[in-house]
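Structure, as structure tokens:
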Amino acid sequence: MGRGGRCDRTTRMSAAAVVLASGSTGLARGQTAFSLAFHICFAVFGVGLPWLLLYTEGRWIRTGDPVWLALTRKWSRAFAVLFAVGAVSGTALSFEFGLLWPAFMARYGGVLGLSFTLEGFAFFAEAIFLGMYLYGWRRLSPRAHWLTLWPIAIAGTLSTLFIITANAWMNVPGHVREVDGKVVSAEPLAPFLSPAAPVQVVHMLLAALMCTGGAVAGIYAVGLLRGRNDDYHHHGLRVGLTVVLACAPLQLVSGDLAARVVGARQPLKLAAMEGLFRTQTGAPLTIGGFYDEASGKVRYGIELPKLLSLLEGFHTDHRITGLDAAPPAERPNALLVHCAFTLMAGLGTALIALAALVAIVALRRRRRGQRPLLPTGRRWLWAAVVTGPAAMLAMLAGWEVTEGGRQPWIVYGRMRVADAVTDGGPGVGWTFAGTVLLYLGLAAALVLILRRMATGGPDPEVPASPPAHPPRDDGSPRDDGSPRDDGSPRDRGSPPDRGSPHEDGPSRRGDGDSEDGSHPAPGGTRPPGAPVPIPAGTGGAR
Amino acid sequence: MTAANLLLVVMVGGLTAYALLAGADFGGGVWDLLARGRDAADQRRLISASLGPVWEANHVWLIFVLVALFSGFSAAFGVIGSTLALPLLAALVGIVLRGSAYVYRAYGGGAAGPDQLWGHVFAVASTITPFALGVTGAALATGDLAENDPTRPLTNPFGLVCGLFAVTVTAFLAAVYLCRDAAALTATEHLVPGLRRRALGGALAAGALAAVLLPLLWSHAPVVAHRFGERSVPFAVASAAGGIAALVLLWRRRFTAARLAAGLAVAGVLWGWAAAQYPDLVVGSATVASSAAPEANLVALLIAIAAGMLVIVPSTVLLFRLFSRPDLTDSHQPPSAVHD
């Protein structure tokens, strides 16, 4: 027993060591994927919302219509929270690159440096002007306040551009000379010169706009479904839905261009996307189904003969590389990548179909002179609700295609994921577990906050919209405002819009917005002794 | 001066900005944690309001330094990533929790748990982060690192005292900055004496810790200590002079001037350390020469940084000017946060 047991244990231990070694890569990949997915779900709003705010606040300035101001206010508050979470999770990511992939960063950090540096500056500009935007409502004239959105929107878009070039270079690296695994010279603009860069950037920017538009449309569609049939909800729905549906067909075009670059530069990724095992001319396009590694076939998929060759090479005899071109260890996981690609393309197609239907209905309603142009029947509203999650899911699936399809490489053809990873041993597992717990906790809290914001309805100064919930009266006793309070005034679960009664200043633009700063103190009900938030602060004039 | 050295100077500049701006934001969290007595609620409100418009911009200085490090000195970043994982993770958790908790408290309206809970998370996270970053900085100087022993940096006495020193310094800065903010408004004037006491105490505590740090530097980081004696004396003198001046100015209630003196005291420490650290990035494992990216990339990086600064510096000045003058009729916050 003794000897047999020891032998058994040895085998088991070596097996465990193997699992651990490969597990280390798996865990690092898992953590990176999880952190990226978490970050990007917030980052898209940092890119998309400023453009929407530019529109809504611009409309308010031109028309003085308080509905537009109410929408702007609401979105800017959501933006504040989303941006902060996106910012800190992005910081975590830039650390994680070094913590989880030290070999990758040590070798290619310099190559990607320009992209990351420029992205850092874009983010810097976004943070600075966001501070002005969020806290400058009364310090800036409405027009100057609106103008601070421009740098935010431009910087957000540029930061996407810069960061995506880094990813594009990992997919299609070039302009870098290496000797014995060390970069000896690199063109500083290498990431920007990657052929994948332009298509990936456009694809992601459109995706960010679609996610933002879809989420906005969804929130107001839910409101309308609950019977809040007012201008506030109609305007919100219109803005969001227009953005997501207008981008959907453009996304098809940019996706097609991206797939062409993939086909030319990363043929195995294309093969995995399509679940194509055999290299062949007249390759079929397979929609749906599950790739079976053992047989090299897609099960339960719909096969359209020769279409893939036609799409990629404009000719049915175009030769498409299959997974069999590489040894099994060098192939991406086609089951996963094909499923993700199908999901993304399917959701995208559904959104395009919805866009077409909505466009037809809107045109018809315009010809008949009906308003609103957008159909607001229950089914239409439900479709609008779904656009947000659909766009988000499609974006995440698209990233799975991009990243999963590059495997086993971290830098395509140059460095394997397994060679880039830290040999942090069991610590990586704990870190991963901790990250998941922390992020899930934060996400849960964030969802609660956003839900409260979303269901809170507009600020009460919008006449057409009665408050969504009866105002709780715990605000008033709190507002006795004795500064000798017990220090816990914040935990009395106050309604989200509790401050809004004071916020009649800027909305009454007709009364003369030039007096914006000289309105009675926003806390008309604020007690004399209560401290007023002071902005100068630790960051003020130093 | 080579491109690598110039980039190092820029990074030290970024680190100084981070310490003086974001450091004070973290310090505000420390005082939030330590707030006691009948003025506690008012202090917390003042701290929260002072962070609002600027903390995110201040935070980006860290990203700037980090990105410059991994772009310009990628090999050193690899070493740091594989040996200093634990303190860096602690700093990260602190950064993530501090930022999230701040906005959850300011905008959450209690939807995700009581604001008080997020206030505590904010305060604790604000304290952890400078401690962890202090430990990290110390480890770069001692070189007391091992790839297979992530807890190593946390067992080094010099590192631990450095962590404590970092927390103390941020708290000192925050108290000095807050003195001026509080004094500017009648509604918060009653907070000034308490904040002034804290600032004076912080200055004395930081000075005492610095006195403890010096002998520890010689015993635990002899390489850096030797260079410190050769190069860093002027910086140390400047720092001490700044500290003493800050004490005097605080005593005489000259709060604006005290800010500058306190900034000089902190910057002197950073610059003295940086001068002594050169040319090592991680003592014993990475030097400037061993880890610098190719020259052409460094030049491109510097050009990008110069171009970026042309946008960032005026914008930052604009931000600080916009929010420098307190105004009682201002809300500065979106509707829901007015009462926070």
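Given the structure is predicted, the values throughout are model-derived calculations rather than measurements. A note on names: the letters A, B, ... follow the listed sequences, proteins ahead of strands, and every chain is numbered from 1.
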From [X] [atom1] over to [Y] [atom2], what is the distance, rounded to the nearest 0.5 angstrom?
X        : Y        : atom1 : atom2 : answer
A:Phe124 : B:Asn58  : CZ    : CG    : 8.0 Å
A:Phe116 : B:Leu69  : CZ    : CG    : 13.0 Å
A:Thr117 : B:Leu301 : OG1   : CG    : 4.0 Å
A:Thr91  : B:His59  : OG1   : NE2   : 3.0 Å
A:Glu96  : B:Leu88  : CD    : CG    : 11.5 Å

Side chain proximity check, [X] to [Y], heavy atoms < 4.5 angstrom:
X        : Y        : answer
A:Phe121 : B:Val60  : no
A:Leu134 : B:Tyr107 : yes
A:Leu442 : B:Tyr104 : yes
B:Leu322 : A:Leu140 : yes
A:Phe123 : B:Ile63  : yes

Toward chain B, the part of [X] with a non-hydrogen atom under 4.5 Å:
X        : result
A:Leu189 : neither
A:Tyr133 : neither
A:Leu438 : side chain

**Interchain contact, B:Ala293 with chain A, by part (heavy-atom threshold 4.5 Å)** = side chain

**Prompt:** Contact part of B:Trp61 toward chain A, heavy-atom cut-off under 4.5 Å: side chain, backbone, both or neither?
**Reply:**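 Contact with chain A involves both backbone and side-chain atoms of B:Trp61.
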
**Request:** Determine the option with the most heavy-atom pairs under 4.5 angstrom with chain A, choosing from B:Ala101, B:Ser100, B:Ala91.
**Result:**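 Option with the greatest count: B:Ser100.
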
Under 3.5 Å donor-acceptor pairs involving side-chain atoms of residues 103-115 of chain A, not counting sequence neighbours:
| from | atom 1 | to | atom 2 | distance (Å) |
| --- | --- | --- | --- | --- |
| A:Arg107 | NE | A:Glu178 | OE1 | 2.9 |
| A:Arg107 | NE | A:Gly181 | O | 3.4 |
| A:Arg107 | NH2 | A:Glu178 | OE1 | 3.2 |
| A:Arg107 | NH2 | A:Arg414 | O | 3.2 |
| A:Tyr108 | OH | A:Glu178 | OE1 | 2.9 |
| A:Tyr108 | OH | A:Glu178 | OE2 | 3.0 |
| A:Ser115 | OG | A:Thr165 | OG1 | 2.9 |

**Shortest non-hydrogen separation from B:Phe77 to A:Ser94 and the atoms involved** =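 Smallest heavy-atom distance, with atoms named: CZ-O, 3.8 Å.
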
**Request:** Assess whether side chain to side chain contact (heavy atoms under 4.5 Å, CB included) is satisfied between A:Tyr439 and B:Val96, documenting all intermediate values.
**Result:** CA-CA 9 Å; A:Tyr439 278 10; B:Val96 169; 4.2 Å; yes

